[in-house]
Amino acid sequence: MTENHDTPDDSTYLPKDNHHFQFTIELMCTEGGRVFFEQLHKGLGKFFKEVPLPDTEGDTVNWFTSRPADQVRSLFFAVREALELLAKTGLSKEHRRAAEKAAAALYCIAACRSIDTEAHNTHCNYNKTTHLLIESPNREPLTCAIIITALFGGKLELVSSDTLDHNTGIYLPKPLHAYKLDAPSAGDHAMQALERTAFNQIVGGNRATDCENSLDNKPLSTDEHSDLTTQIEEIQVRQNHSLTLIINTNLQTLTCLEFAEKYRVPVVVENCNTTYILTGMNASTLQSHIKLFWKLVQEICTTPSSGDDSSPKGAPAMSGTGNTYNNYLAHNMAVNHGDHSAAQAGDKNTAIIGREQQFEFSKIPPLLDELQQTVGELSSEKARDGLGKQIATIKTEVAKNEKADPGIIRKAIETLKSGSEFLDGGEKVFEKSKKIYNMLAPIFGFPPLP
């Protein structure tokens with residue numbers, strides 16, 4: 001399939017000041033990103049035979065953001081083609097990881113090209129409704145996050161999940177900051193219930209909504225309201241991430257509008273009849289292309305790189321249906337990405353993890369106990385309670401061992417660091433939180449902190 005169009009289409013344009021745009025350029029200009037660019041140029045030449053191709057890494061990102069929507073499939077094809085070629089280059093683990101980061105970020109830009117931002121604006125203006133209320137053909141976090149990123153910007157970060165796709169046999173990726181809000185769809189205090197659900201998800205570290213709190217519509221306290229508002233700002237403004245809130249019930253539109261306007265955050269509602277927001281392909285096809293990309297990344301990550309002797313000789317590479325923990329290790333993408341390969345021993349589905357990884361991971365619980373003691377010495381009761389909840393979240397995930405969720409752990413540690421930075425006595429909490437983070441960084445593929 002070859003695309004020969006060369007007329008940029010501004011209806012799905014991703015702004016050049018978008019944080020994901022800038023982030024992708026930085027990744028493309030790394031050593032691994034440059035090698036990926038060399039392979040990508042070959043892929044682009046295969047699928048764009050009569051179109052002038054970009055000459056540099058930075059130009060490539062700009063070129064992707066201005067492709068017409070009917071070329072999105074070919075963009076996907078070219079990136080996957082480049083990844084396959086990349087696997088044959090013998091890159092070191094470090095450079096291959098950087099190349100895969102660049103590929104993931106660029107793939108997200110291509111996906112954003114399938115979103116018709118102008119149609120969304122026209123729809124909102126015609127219906128005289130806020131642009132913060134987004135209609136999506138489904139409630140799938142990937143689809144919704146791509147829509148939000150195309151419309152409002154921010155870095156779209158993908159991490160592995162424990163959601164198994166039975167058609168492909170792989171664990172699907174998920175956006176780091178995408179939350180399904182399961183607030184009761186009826187009642188006199190629907191807004192209070194929605195706020196409580198959002199608080200538990202965003203501030204409480206993906207904590208399941210307490211039934212008593214949500215069903216009895218217990219309103220947020222002043223402190224909880226401030227915490228929710230501040231955490232939303234932390235994600236969107238300071239961290240520059242894309243934040244996706246998905247209404248997972250049939251909540252009344254007026255309640256969704258009220259929430260979106262109050263917190264100045266986009267909210268996604270499902271409308272199965274929505275076709276205007278996507279152009280060039282439907283939501284199911286878009287999801288299928290992301291699955292293929294993720295599957296390819298998983299396969300490449302289990303291919304030994306130069307200097308990689310972490311897997312036993314003769315051991316078969318672990319497939320996407322293997323242990324979830326090792327999928328996290330191998331495929332935490334976009335901003336956070338690890339490249340530790342895992343292999344199966346014999347005919348069992350038990351992954352072999354390097355001794356160094358096991359040793360480092362086992363040292364975390366005692367450090368968490370020390371951190372808990374330090375937090376307990378803070379003078380602020382509110383800080384002790386809030387930071388203590390984050391430590392409890394990390395302990396819960398660490399106790400899961402192979403099923404630990406890096407996204408939840410990283411978010412909790414970042415909350416600990418940001419929440420303690422300006423507290424009286426918080427510098428000890430900050431330093432100990434940073435130490436735990438940096439110990440987990442090589443295991444989960446987090447970028448280390450100085």
Side-chain angles (χ1 to χ4, degrees), residues 115-154 175 177-204 206-237 241-278 283:
I115 307 304
D116 194 334
T117 59
E118 187 60 38
H120 167 72
N121 295 333
T122 300
H123 174 81
C124 293
N125 292 335
Y126 179 79
N127 290 281
K128 297 181 179 180
T129 186
T130 176
H131 289 232
L132 293 173
L133 187 65
I134 317 301
E135 289 187 344
S136 170
N138 59 41
R139 294 172 182 167
E140 291 296 329
L142 278 172
T143 303
C144 297
I146 289 167
I147 292 173
I148 291 297
T149 304
L151 294 176
F152 298 96
H177 291 294
Y179 305 92
K180 284 189 173 183
L181 307 182
D182 295 303
S185 57
D188 296 333
H189 304 287
M191 178 61 178
Q192 292 180 4
L194 179 57
E195 288 182 308
R196 172 62 56 186
T197 304
F199 176 85
N200 287 345
Q201 285 283 302
I202 301 173
V203 180
N206 291 311
R207 184 173 73 243
T209 302
D210 184 273
C211 293
E212 180 180 354
N213 281 346
S214 77
L215 294 179
D216 289 349
N217 303 311
K218 181 180 178 181
L220 295 183
S221 66
T222 301
D223 286 349
E224 288 173 329
H225 176 268
S226 296
D227 288 344
L228 176 57
T229 302
T230 302
Q231 185 60 27
I232 288 175
E233 292 175 346
E234 168 72 9
I235 294 170
Q236 292 184 307
V237 180
H241 280 296
S242 176
L243 175 61
T244 304
L245 303 183
I246 307 163
I247 305 299
N248 205 34
T249 55
N250 296 320
L251 201 61
Q252 291 184 352
T253 301
L254 287 177
T255 302
C256 299
L257 284 170
E258 182 182 355
F259 182 91
E261 291 287 3
K262 181 175 181 178
Y263 291 93
R264 301 306 302 165
V265 61
V267 172
V268 182
V269 296
E270 182 182 31
N271 183 345
C272 298
N273 297 319
T274 297
T275 57
Y276 65 86
I277 196 72
L278 285 163

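All values derive from a computational prediction rather than experimental measurement.
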Q: List for me each residue that meets salt bridge (Lys or Arg N to Asp or Glu O under 4.0 Å) alongside Glu261, sequence neighbours excluded, and say none if there are none.
A: Arg264
Q: With sequence neighbours excluded, tell me which residues meet side-chain hydrogen bond (donor to acceptor under 3.5 Å, both in side chains) with Asn248.
A: Asp182
Q: Drop me the distance from Gln231's CD to His177's NE2, to the nearest 0.5 angstrom.
A: 7.5 Å
Q) Taking only residues at least two apart or on different chains, which pairs with a member in residues 135-149 satisfy salt bridge (Lys or Arg N to Asp or Glu O under 4.0 Å)? A) Arg139-Glu270
Q. Who passes side chain to side chain contact (heavy atoms under 4.5 Å, CB included) against Ala260, sequence neighbours left out?
A. Leu132, Val267
**Q.** Any residue meeting side chain to side chain contact (heavy atoms under 4.5 Å, CB included) with Thr244, in chain and number order, not counting sequence neighbours
**A.** Cys144, Ala145, Ile148, Ala178, Ser242, Ile246, Val268
Q) From Gln201 CD over to Leu228 CG, what is the distance, rounded to the nearest 0.5 angstrom? A) 11.5 Å
**Q.** side-chain contact (heavy atoms from CB on, under 4.5 Å) assessment of Leu251 paired with Leu181
**A.** CA-CA 10 Å; Leu251 201 61; Leu181 307 182; over 6 Å; no
Q. What pairs with Thr230 under side chain to side chain contact (heavy atoms under 4.5 Å, CB included), at least two apart in sequence or on another chain?
A. none
Q: State which residue, out of Thr143, Asp116, Ile115, Asn271, fulfils the side-chain contact (heavy atoms from CB on, under 4.5 Å) condition with Ile277.
A: Ile115
Q: Apply side chain to side chain contact (heavy atoms under 4.5 Å, CB included) to Thr222 and list each qualifying residue two or more places apart in sequence or on a separate chain.
A: none
Q) Does Phe152 have any ring-ring contact (aromatic ring centres under 6.0 Å, His included) partners at least two apart in sequence or in another chain, and if so, which? A) none
**Q.** Residue pairs, two or more places apart or on separate chains, that pass salt bridge (Lys or Arg N to Asp or Glu O under 4.0 Å) and touch residues 243-257
**A.** none
**Q.** Shortest non-hydrogen contact between Pro219 and Glu224, atoms and distance
**A.** O-OE1, 4.3 Å
